[in-house]
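FYI, side chains are in, hydrogens and waters are out, and symmetry mates aren't considered; it's all heavy atoms of this structure.
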Amino acid sequence: MANLKNESFGRFDFVGKAWLFGGISLILVIASLIYLAVHGINYGIDFKGGTEIQVKFEKPVTIDDIRKTVDDLKLGEVGVQSFGEGNEFIVRFQGKQGATDKETNEILNKDIGQIRETITKTFEASGPEIRRIDTVGPQVGAELKRNGLLAVFYCLLVILIYVALRFDYKFAPGAVLCLFHDAVITLAVFVAVGKEVNVSILAAIMTLIGFSLNDTIVVFDRIRETEGHYRDRGFGFVINRSINEMLVRTIITSGTTFISALCLYIFADGTVEDIAFSICIGIFFGTYSSIYVAAPLVLLMEKLNLKKAKA
């Protein structure tokens with residue numbers, strides 16, 4: 001027992017800086033929510049509906065030339081985005097609504113035909129190739145958006161219940177708030193750099209929730225194990241020792257995953273690039289939150305429990 005009392009919690013005092021980083025996290029979450037509320041989320045066609053045409057050219061073509069060519073068709077709001085090596089573009093437009101679904105489809109098919117024909121004729125010397133055409137109706141897009149938000153909500157709810165049953169109810173709020181923290185900040189950064197949010201990005205955020213939860217659960221498991229050996233040293237000591245013991249494992253796991261996602265972001269393009277970018281951001285904040293958000297919240301819950309017990 002004497003040896004246990006003389007043992008140190010480790011090299012780094014995470015609990016001592018918990019309130020500083022907790023304040024930073026709170027500011028980041030509030031700033032992210034305000035930014036998303038004011039700026040709005042740039043949804044892709046998966047969520048807001050529309051048509052997306054991907055075209056590749058054998059010879060260089062400027063994005064301004066494509067945008068001018070498509071704008072001359074007077075199809076309403078049209079967006080043009082380049083990706084890859086610069087000779088591949090995505091043309092997006094909402095399309096016009098008809099009185100019936102049949103009329104809407106006829107208008108849409110006519111517009112798609114116009115774009116294909118115009119691009120093919122105007123840039124014939126550049127060797128245009130229509131690689132894909134995707135269309136999502138506005139009703140389907142709205143349903144996908146609603147189902148996506150419900151999926152995230154139910155995911156957090158099930159995690160709250162699981163952690164409460166698996167460990168203790170004092171661990172559950174920290175785990176859920178930690179995941180909310182990661183998802184909101186990642187989404188805000190993703191929107192801030194001008195990228196679109198679609199089903200693939202929602203799947204990436206759900207993946208990040210799972211990754212962050214796994215990291216948090218590992219830390220919680222070590223806290224519960226260490227608590228049994230150092231009951232007389234205080235809960236702050238237990239948390240510090242647990243995180244220090246798991247720090248190397250956390251850095252290696254998160255670091256290797258981050259490097260893999262970073263390679264995808266550097267060498268891939270299109271949807272894969274966007275997914276890799278969101279995963280890189282999410283891994284950084286997920287690792288940070290497992291140390292400076294989830295564990296300190298457990299300490300806060302423990303202090304509240306002690307106050308209730310004394311009362």
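When the shell of 6.0 Å around CZ of Phe180 is examined, it contains 12 or fewer heavy atoms from other residues, nucleotides or ligands. Counting heavy atoms of neighbouring residues, nucleotides and ligands inside a 6.0 Å radius, atom CD of Glu58 does not exceed 12 of them. Heavy-atom neighbours of Arg67 CZ from other residues, nucleotides or ligands within 6.0 Å: above the threshold of 12.
Judged purely by distance below 3.5 Å, without hydrogens or angles, the side chains of Arg132 and Gln54 pair a donor atom with an acceptor atom. No hydrogens or angles considered: nothing links the side chains of Thr186 and Ser278 as a donor-acceptor pair under 3.5 Å.
Within the 4.5 Å cutoff, the side chain of His181 has no heavy atoms near those of the Tyr292 side chain. Under the 4.5 Å side-chain criterion, counting only non-hydrogen atoms from C-beta, Val197 is not in contact with Leu202. A heavy-atom distance below 4.5 Å is not found between the side chains of Glu245 and Ile223. Between Phe237 and Arg241 the shortest side-chain heavy-atom distance falls below 4.5 Å.
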Tell me, with the steps shown, if Thr69 and Thr122 meet side chain to side chain donor-acceptor pair (under 3.5 Å). CA-CA 8 Å; Thr69 300; Thr122 306; 4.9 Å; no
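Between Lys68 and Asp65 there is no salt bridge, since no side-chain nitrogen of the basic residue lies less than 4.0 Å from a carboxylate oxygen of the acidic one. Here Arg249 pairs with Asp215 in a salt bridge; the nearest charged N to carboxylate O distance falls below 4.0 Å. Contact check on Arg92 versus Glu52 returns a salt bridge, with a Lys/Arg side-chain nitrogen under 4.0 Å from an Asp/Glu carboxylate oxygen.
Ring geometry for Phe57 versus Phe89: interplanar angle over 60°, hence perpendicular rather than tilted (30 to 60°).
Pairs passing the side-chain hydrogen bond (donor to acceptor under 3.5 Å, both in side chains) check and including a residue from residues 203-213, sequence neighbours excluded, read Asp182-Ser212.
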Taking only distance into account, with no hydrogens and no angle test, what donor-acceptor pairs under 3.5 Å do side-chain atoms of residues 280-287 form with protein atoms, sequence neighbours excluded?
from   : atom 1 : to     : atom 2 : distance (Å)
Thr287 : OG1    : Ser254 : OG     : 2.8
Thr287 : OG1    : Ile283 : O      : 2.9

